[in-house]
Amino acid sequence: MKLPLSLTNPNMASGSGSLMWFRKGLRIHDNPALEYASRGSTCVYPLFVIDPHYMEPDPNAFSPGSTRAGINRIRFLLESLADLDSSLKKLGSRLLVLKGEPGEVLIRCLNEWDVKKLCFEYDTDPYYQALDKKVKNYASAAGIEVFSPVSHTLFNPADIIEKNGGRPPLTYQSFLKLAGEPLWASSPLSVELSSIPPVGDVGSCEILQVPTLKELGYVEEYQDEFTPFRGGESEGLRRLRETLCDKEWVANFEKPKGDPSAYIKPATTVLSPYLKFGCLSSRYFYQCLQDVYKNAKRHSSPPVSLVGQLLWRDFFYTVAFGTPNFDKMKGNKICKQIPWNDDDKLLAAWREARTGFPWIDAIMVQLRKWGWMHHLARHSVACFLTRGDLFVHWEKGRDVFERLLIDSDWAINNGNWLWLSCSSFFYQYNRIYSPISFGRKYDPNGNYIRHFLPILKDIPKEYIYEPWTAPLSVQTKAKCIIGRDYPKPVVSHETASKECKKKMGEAYAVNQRLNGAVSEEDLRNLRRKFAEGDEEQQPKPRRLRQKLIN
DNA sequence: GTTGCGTTGCGACG
DNA sequence: CGTCGCAACGCAAC
C-alpha cells in the first residue's frame, strides 16, 4: 500500500532520513532513539517488523498462540502497537508495519529507503545481540550512522560488569553497591515530544496496518477468560498514574508482604508487562517513585520497596548479560548442576493444572487465562515443580512461563527460575513452599481457588486446600468427587519434599566436591543413586528391578 | 578459617 | 501479629 502523499517527504532526494526501529521500547516518552531519529531529520520511518515465528499461529503449540508466545502476550503486543501507531499519528507520523524475518526486512528497508541514521534501543537479550550485530554491520558498511542507546534499564549492564572487574555481581547487595545512583536520577527525561518529521517515501515496500488477532490467523478462541490487562503506552501510563495516587501505599510498599491470592485487586502494581515491552520507561517510573519518597514521612527501601523492584530488574539484566548460557544449566558457570528428572507426565500435570493441589492448579489456571499472577504465586508453583516436590528441570518450567506470561522477560524469567530452583542466587533448599499451607495463610476460605477452579467451588473451606482428605459424603454434596471430577494429588507433599531435600543435599555435595565441574556421568551416577533410594522406600517387583539393572 | 547475612519457609508458641 | 527453633545453604567481608 502506498502512503498518502501528505505523509511523504517531497524533499527526499536532498533530505536526511532516519529509520526508527521499534522492538521493545514501544513508547513515545523517554525514548532517546526516537528523539535522536527525529532531531534534524527531514523524514523518519518508524518501523515495526512482525516476525511470523513470534506472531503467527502454531497449531502444534501446547496453548493457543504462536511458536514462541501465548495468545495473551501476542494480544498485548498488538494492543501496544496500535497504541503506538495512534500516538505517532498525533505527532504527524505513523507506524510502518512490515512482515518477515526482522534482519532481512531491516536490510531491505535500509537499501530502499532514504536512511542516513538507523536508531533503535540497545538490547542485551541474546536474540537481539545476534540480530543487531548483523544489522549494525550492514548499516555501517553502507555508511549509515547507527544510534543504539541504552534506555530499557536504569543502568547499562556493561558498565556495572566493567566496574566489577569484568564479572557480573552475583548478589543483590553487591549489585546495589556497584550501581549507586543512576546518572540521570535528577535530570529531566524527555517525556514529551511535540512532533516527529513526516514519513519518507517507502518505495515498493508493502506497508501493513497493525494487524488484529483475526488477521494474523487466530480464530475466535473458546477461552472464557482473557487477560484483564490491556497493552500499550497509554494504558501503562494510566496504570502508573493510578498507582501513584496512593502515595502512602507506594511509599510503604514491601514486596514480600503482598497477598498472592488477591486477584480482584492485585497486591502489586502489575506494571511488569508494560516495563517488559517498554510501554513504560523504567527510568520514568524510577523518577516518579523518587518524587513520592521525597514527599513522604518515611518509605521502604530496596530490596523490598518499589524502587527495589526496578533494581531487581536491572540486577537480573546485568547477570544475564554477563553470564554465558544464562538460560541453561549446562555450560552455565553460576548454575548448580543438579540431576533433575525428566518426567513429562509430572510436567504435563503441572502445566495443565491437574497436580491435584488446588493452590498450585489455581495458579496455573490464572497463568493460562491471565498471563499474569502474583510474584509469590509464581514462587509457589516454581518451587513445587522443581526442588520442592516434582524435581522436574527448571528449564521446563521456564519454557512454560516464557510462553504464557504477558510480562515474560528473558533475563528476569531465567533469573527467577535459577533462584527458585536453588540453582543460583539462592541456596536454602530446606525452605520449601507448602502447596497446602502457604496459600491458606493468605486466603483461608479459598476464594482464589474457587474462582480459578470452579469445580471446587462448593468444597468446604476445611478441605479446599487438600480436597482428597474430604469424606466422600462431603465430596458428593459438593458435586466434586476427587479422582473423578478433580485429580488426586500427583505426589504426597510430605514424602516428595523430604526426597527433594535429600536429593538437593547430595547434588550440592557433588557440586562442592568437584568445584562446579560436574560431568554428565556424575549426574548419571546421582540419578542412579536416587533411583536406588526410591526402591528402598517402595520396593519394586523383582521383574521390574531386574529391568532397571539391565 | 570464621562470621554475618541473605526480598518473600514452616510450624509452634505467645 | 511477632518471635523462635528447625536445619543449614553460599557468598562476601574480615
Side-chain angles (χ1 to χ4, degrees), chain A residues 163-165 167-179 252-262 266-269 272 289 299-316 319 322-323 332-338 357 359-360 363 373-389 412 415-444 465-466 493-516 518:
Chain A
K163 266 195 196 169
N164 198 40
R167 296 168 311 276
L170 294 179
T171 65
Y172 185 74
Q173 294 305 329
S174 60
F175 170 83
L176 284 190
K177 251 184 245 175
L178 289 162
N252 297 313
F253 181 89
E254 287 184 49
K255 183 73 163 277
K257 291 201 173 150
D259 175 357
S261 70
T268 52
T269 62
S272 54
L289 291 172
H299 64 83
S300 52
S301 297
V304 296
S305 64
L306 278 176
V307 159
Q309 305 316 300
L310 283 175
L311 290 160
W312 275 109
R313 180 171 177 271
D314 265 54
F315 169 70
F316 283 127
V319 188
T323 307
N332 180 347
K333 282 253 181 1
I334 67 166
C335 181
K336 290 260 180 272
Q337 303 298 302
I338 293 167
F357 291 92
W359 171 247
I360 300 297
I363 294 167
M373 65 286 206
H374 186 274
H375 187 66
L376 290 177
R378 300 181 192 200
H379 280 211
S380 273
V381 296
C383 177
F384 183 86
L385 179 72
T386 58
R387 67 180 169 87
D389 289 86
I412 300 168
N416 276 311
W417 276 95
L418 284 164
W419 185 295
L420 260 299
S421 63
C422 282
S423 295
S424 198
F425 308 114
F426 176 78
Y427 305 95
Q428 287 171 273
Y429 57 76
N430 292 314
R431 298 189 185 170
I432 292 174
Y433 291 88
S434 163
I436 297 152
S437 50
F438 186 71
R440 183 148 55 197
K441 158 171 91 182
Y442 298 96
D443 180 17
Y465 285 89
E466 33 192 346
H493 173 61
E494 205 174 336
T495 54
S497 60
K498 218 176 272 171
E499 271 298 290
C500 282
K501 284 186 216 177
K502 206 174 120 215
K503 289 176 182 173
M504 290 298 284
E506 291 185 35
Y508 267 40
V510 170
N511 275 268
Q512 195 179 48
R513 180 161 57 80
L514 301 173
N515 200 18
V518 180

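Being a predicted model, the structure only gives us computed values, none of them experimental.
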Only pairs with both distances under 3.5 Å count, Watson-Crick or wobble alike; so what is the partner of dG4(B) in this structure?
dC11(C)

Across the strands shown, which category fits Q309(A) at heavy-atom distances under 4.0 angstrom: base, sugar-phosphate, nothing?
base

Rounded to whole Å, CD1 of I363(A) lies from C1' of dT8(B) at a distance of 14 Å

Rounded to whole angstrom, note down the P distance from dG5(C) over to dG4(B).
16 Å

With rounding to the nearest 0.5 angstrom, report the OG to NZ distance, S424(A) to K333(A).
13.0 Å

Within the structure, does a side-chain N or O atom of S174(A) lie under 4.0 Å from either OP1 or OP2 of dC11(C)?
no

Roughly how many Å is it from CZ in R440(A) to C1' in dC10(B), rounded to a whole number?
13 Å

Report the distance from atom CE of M504(A) to atom P of dG10(C), rounded to the nearest whole Å.
10 Å

Atom P, compared across dA12(C) and dA8(C): separation rounded to whole Å
23 Å

Listing time: all N or O pairs from protein to nucleotides 1-6 of chain B that are below 3.5 Å?
none

Counting only side-chain N and O atoms of K501(A), is one of them less than 4.0 Å from OP1 or OP2 of dA7(C)?
no

Could you give the CD1-to-P distance, from I412(A) to dT7(B), as a whole number of Å?
16 Å

T171(A) side chain: which of dG11(B), dC11(C), dT7(B) is closest?
dC11(C)

Interatomic distance at P, dC1(C) relative to dT7(B), whole Å:
25 Å

Which of the following nucleotides, dT8(B), dA8(C), dC10(B), is nearest to the side chain of N430(A)?
dA8(C)

Please state how far atom CG in N164(A) lies from atom P in dA12(C), giving the value in whole angstrom units.
9 Å

Toward the 5' end of DNA chain C, which comes first, K177(A) or Y429(A), by nearest nucleotide?
Y429(A)

Between H374(A) and D259(A), do the side chains contain a donor N or O and an acceptor N or O under 3.5 Å apart?
no

Taking the P atom in each of dA7(C) and dC13(B), what is the distance between them to the nearest angstrom?
16 Å

So, for F438(A) and F357(A), is the gap between ring centers shorter than 6.0 Å?
no

Tell me the interatomic distance from E494(A), atom CD, to dG9(B), atom P, rounded to whole angstroms.
20 Å

